[in-house]
There are 2 protein chains.
Amino acid sequence: MEFKTRLLEMEAGGNLIVVIGARDADRLGVISSDRVRLKTDDSEVVAILNIASEFPRGILGVYDEVRQRLELAEGDVVQVRSAERPESLGFIREKIAGEKLTARKIEILVDDVVERHLSDIELASFVTALQINGMSMEEVESLSRAMVRAGRTINFDRHPILDKHSIGGVPGDKTTLVVVPIVAAAGYTIPKSSSRAITSPAGTADRVEVLCPVDLRMEEIVEVVEKVGACIVWGGALDLAPADDLFIRVEYPLSIDPLLLPSILSKKKAMGSSHIVIDIPTGRGAKIHTVDQAQQLARNFIELGSRLDMQIECAVTEGEQPIGRAIGPVLEAREALETVMGSGPPDLIDKAASLAGILLEMVGEENGKDKALSILSSGKAEEKLRQIIEAQGGDPEVDPEYMPLGDKWIDVKAERGGRVLWINNSAIAHIARTAGTPSDKGAGLLLEAKMGDLISAGDVLYRIYAETSQRLALAAELAEELDPIAVGSRIGEKMLIRQVKGELRRRPEFILER
Amino acid sequence: MEFKTRLLEMEAGGNLIVVIGARDADRLGVISSDRVRLKTDDSEVVAILNIASEFPRGILGVYDEVRQRLELAEGDVVQVRSAERPESLGFIREKIAGEKLTARKIEILVDDVVERHLSDIELASFVTALQINGMSMEEVESLSRAMVRAGRTINFDRHPILDKHSIGGVPGDKTTLVVVPIVAAAGYTIPKSSSRAITSPAGTADRVEVLCPVDLRMEEIVEVVEKVGACIVWGGALDLAPADDLFIRVEYPLSIDPLLLPSILSKKKAMGSSHIVIDIPTGRGAKIHTVDQAQQLARNFIELGSRLDMQIECAVTEGEQPIGRAIGPVLEAREALETVMGSGPPDLIDKAASLAGILLEMVGEENGKDKALSILSSGKAEEKLRQIIEAQGGDPEVDPEYMPLGDKWIDVKAERGGRVLWINNSAIAHIARTAGTPSDKGAGLLLEAKMGDLISAGDVLYRIYAETSQRLALAAELAEELDPIAVGSRIGEKMLIRQVKGELRRRPEFILER
């Protein structure tokens with residue numbers, strides 16, 4: 001049937017979607033979610049059909065994605081006919097039925113995901129089926145390989161390629177900004193691609209962007225790494241494992257994350273990494289709650305790595321409270337810079353040296369942590385970080401004293417003296433985001449008290465920074481409500497962590513970062 | 001934050017959806033699928049957020065559903081802020097985790113479905129979790145009650161209220177058009193609400209619409225039933241169990257149907273039915289493939305019915321081939337009319353009399369099937385059907401000879417003589433739909449051969465009717481490809497039912513009708 005194009009001047013979130021009226025759909029013998037083949041004189045594409053009951057007859061509503069594929073203009077004539085659904089829908093049904101998928105089927109499915117042949121409904125069903133029925137290690141391997149294959153890869157023409165990754169979940173974790181310069185200063189290649197925050201106060205890319213550009217193109221990354229042996233860039237636009245971003249779109253509203261392993265390791269594989277340390281922060285407020293769970297996950301990472309020809313070691317780290325004192329892009333970039341300059345907080349120094357040490361030992365060095373600490377104290381890590389900043393197009397002379405913090409702030413003080421008994425990670429993250437992070441880079445929290453610290457009534461627990469008074473007020477209000485730092489006169493004195501009331505209507509505490 | 005309305009002049013498939021640009025989303029601290037509270041001077045609503053990267057700053061794209069709720073005009077100012085997600089998202093996660101849901105949680109969830117607070121992604125995930133993890137009978141009962149509660153109900157002020165339902169899946173099943181007049185002619189009340197075809201060649205509502213209007217309002221239905229003791233109407237616009245239509249929207253693309261029981265019985269409950277016979281067509285080409293499966297399903301129907309205070313009996317019926325000879329709205333209406341007039345096909349007569357007989361015995365009659373057959377042969381069923389047609393606004397004098405069949409047709413002939421060994425239901429349905437059913441009411445198939453018939457080479461197997469030459473050509477082409485009627489010289493001679501080739505790219509044979 002022939003239709004006239006109406007441009008909707010809007011994206012459909014990546015999917016290839018067109019809209020027709022209910023009567024036209026009847027005439028075509030199709031219903032919502034069916035596929036239609038669209039044909040112009042020059043090209044054709046299969047799209048997912050939406051039906052709008054009142055849409056005018058003979059009109060085809062076209063979202064931007066389809067407009068671009070077919071190079072359509074308003075009023076253009078398009079031939080529309082019913083098309084078959086993608087083969088991979090059958091594989092999703094097999095997964096729902098509890099079957100295992102072969103490597104070939106997973107490859108077809110991932111290709112269909114990347115080609116935008118599957119709707120949100122179908123993707124959500126697949127991800128839910130994975131969450132419930134799980135995947136065998138063979139399936140995880142196939143999925144990882146398919147995700148690598150469906151995207152771009154990078155080749156640095158060097159060996160070994162070191163890498164570091166955290167599964168995330170702990171606010172203020174700027175460890176990457178310290179580990180990368182230590183490892184590179186030791187003479188190794190460590191091209192780090194990282195992500196922006198999705199639900200956290202800052203991602204590594206958000207932190208580094210305070211110091212230098214992070215959205216480098218593939219060729220620029222190769223150049224930077226050639227020059228200084230390292231980079232810390234945003235991986236989001238590199239098209240490294242494009243299926244993953246599409247999975248995340250449906251995982252986020254469901255607060256499930258069955259693709260953690262293939263998601264992380266496919267991106268590492270695409271970056272050409274050969275030796276990787278994976279940080280698994282563990283604790284009540286982290287993604288992983290117990291050391292047992294962390295060890296199981298670590299074993300899975302190591303096995304999948306070995307299947308993908310990457311050597312992996314995991315670090316199960318303290319995740320009960322934020323790392324260091326700073327939360328928020330500028331605050332964290334400043335703290336990382338201070339740390340390589342010799343005045344960082346002890347937990348950040350210990351964590352960074354531990355992770356860097358593991359990497360150094362993986363490639364044959366001895367006493368890795370000592371070596372890392374001595375590189376840090378020698379000033380070589382600072383020198384390397386400034387080289388990276390310069391190579392990526394930032395100011396190598398950047399001074400932590402003069403970094404643009406939010407100029408609105410408020411101090412939250414202890415109502416009583418005692419020891420800091422616990423800190424609620426998700427409450428801290430929530431307050432920081434309310435203050436404006438990650439989009440207001442100068443917003444965030446600076447903790448003046450960490451677990452175990454002895455404080456007096458009236459001491460400052462933390463300062464909230466914001467770029468606008470409105471944000472500051474909202475964050476201060478939330479801080480009062482959430483009361484994220486507990487103080488008691490001795491351990492065991494304040495046993496009630498949270499009172500759960502009858503009507504619980506809260507945002508789920510789900511942190512989706514990779 | 002303040003936004004200006006841009007009307008998108010399109011529905012979002014029922015959901016409350018708005019669109020903003022990526023930068024505005026950053027400033028609001030929200031991402032795709034998050035909820036936002038929209039506020040005008042007069043009213044407010046919580047909507048689901050979509051993000052379009054290139055959408056202009058400060059502009060809120062508004063689909064029709066939100067426009068109607070807030071009575072918005074182009075350019076209207078709307079206050080937008082981040083809102084919490086619906087509580088029922090947590091219940092979906094519980095179901096994913098394999099937990100059982102309480103009646104209260106299911107009630108909240110169904111209310112959120114009906115209020116359009118859940119996105120397609122979330123609904124798809126819920127339905128997938130139900131398909132994989134199943135439901136206890138308690139959950140099925142709670143879900144059915146919640147679905148009734150969320151919609152309208154009807155009260156006929158009579159007792160008993162009889163009803164008949166088929167789970168569907170067999171083409172040409174016009175049994176309802178014969179059962180209802182028999183039962184009503186016996187003096188019982190049987191208000192039948194039925195559905196239109198979704199993926200089949202015709203639904204009961206499509207068949208009856210050939211004879212009289214079926215989209216009656218609630219008050220009109222009560223009036224018709226008062227007058228003639230029965231009706232056969234379309235249930236779709238009655239808002240009887242509105243959650244179900246929303247579930248179907250996501251079940252269809254996934255080809256799963258975990259809500260079969262609550263879906264059917266919630267609508268019966270809303271109609272006030274007290275005694276129901278449920279037809280479970282069973283056979284290779286039907287929804288249910290074995291008698292064992294049919295019996296298990298029957299037991300579940302009976303138990304759920306008893307929990308909902310409805311007496312249920314089930315009929316496991318022959319579902320290996322189409323019922324009668326006619327497939328397609330006009331053809332089937334004609335065959336049903338001929339049947340009450342005394343010249344119907346034997347399988348249709350037997351099936352209708354069996355089901356009517358079960359119903360009559362459920363309310364205390366003896367020898368139900370005999371009674372049904374004698375009502376049929378006495379002409380009282382015809383008289384009752386014509387009363388129903390008249391009461392619903394059709395022509396009671398309708399003559400099967402003069403019904404408007406498609407004027408294009410082609411005969412498909414047997415290439416060899418022998419017995420009809422099997423008939424492929426889904427191929428028959430596919431050919432009929434390609435010929436134009438259900439929207440082209442005069443299109444369809446008329447079978448000249450049924451299983452077991454002895455035929456000669458060159459005999460007509462079936463005639464394909466269509467309203468356009470184009471449709472007829474497509475259907476004829478498909479008929480040749482699918483070859484839906486197998487003829488062999490003796491049973492056992494043609495053992496190969498289908499050859500499955502390496503590259504199988506077919507539409508799934510999934511029939512979603514209720």
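Residue numbers begin at 1 in each chain, while the letters A, B, ... track the order of the sequences.
Neither the backbone nor the side chain of B:T437 comes within contact range of chain A, judged by heavy atoms closer than 4.5 Å. There is no contact between B:D64 and chain A, counting heavy-atom distances below 4.5 Å. With a 4.5 Å cut-off on non-hydrogen atoms, B:D26 touches chain A through its backbone and its side chain both. Interface remark: B:L89 contributes side-chain atoms only to the contact with chain A (heavy atom separation under 4.5 Å). Residue B:R27 touches chain A through its backbone alone, counting heavy-atom pairs closer than 4.5 Å. If you measure heavy-atom distances from B:S32 to chain A, the contacts under 4.5 Å come from the backbone alone. There is no contact between B:I48 and chain A, counting heavy-atom distances below 4.5 Å. Interface remark: A:L8 contributes side-chain atoms only to the contact with chain B (heavy atom separation under 4.5 Å). Interface residue B:V250: backbone and side-chain heavy atoms are both found under 4.5 Å from chain A. For B:F126, no part lies under 4.5 angstrom from a heavy atom of chain A. Only the backbone of A:L28 comes within contact range of chain B, with heavy atoms under 4.5 Å apart.
Within the 4.5 Å cutoff, side-chain heavy atoms of A:I198 are placed close to those of B:I31.
The most heavy-atom pairs under 4.5 Å with chain B, out of A:S53, A:A97, A:S439, come from A:S53. Chain A forms the most heavy-atom pairs under 4.5 Å with one residue out of B:L123, B:D120, B:I132, and that residue is B:I132. Of all the listed residues (A:R35, A:M10, A:Q470), the one sharing the greatest number of non-hydrogen pairs under 4.5 Å with chain B is A:M10. Residue with the most contacts toward chain B among A:V127, A:V19, A:N133, A:I121: A:I121 (heavy-atom pairs, distance under 4.5 Å).
Between A:I96 and B:Q131, the shortest heavy-atom contact is CG2-CG, 3.5 Å. The nearest pair of heavy atoms linking A:R6 to B:E9 is NH1-O, 3.9 Å. The two atoms that bring A:S125 and B:L254 nearest to each other are CB-CD2, 3.4 Å, heavy atoms only. Taking each heavy atom of B:P253 and A:R85 in turn, the nearest pair found is O-NH1, 2.8 Å.
For the atom pair CD (A:E122) and OG1 (B:T128), the distance works out to 10.5 Å, reported to the nearest 0.5 Å. Here OG1 of A:T199 is found 10.0 Å from CG of B:D34. Values are rounded to the nearest 0.5 Å. The distance from the OG atom of B:S82 to the CZ atom of A:R433 is 9.5 Å, given to the nearest 0.5 Å.
The environment of A:R81 atom CZ is sparse: at most 12 non-hydrogen atoms of other residues, nucleotides or ligands sit within 6.0 angstrom. For B:K4, the NZ atom counts as loosely surrounded, since its 6.0 Å shell holds 12 or fewer non-hydrogen atoms of other residues, nucleotides or ligands. Heavy-atom contacts from other residues, nucleotides or ligands closer than 6.0 Å to CD of A:Q293 number more than 12.
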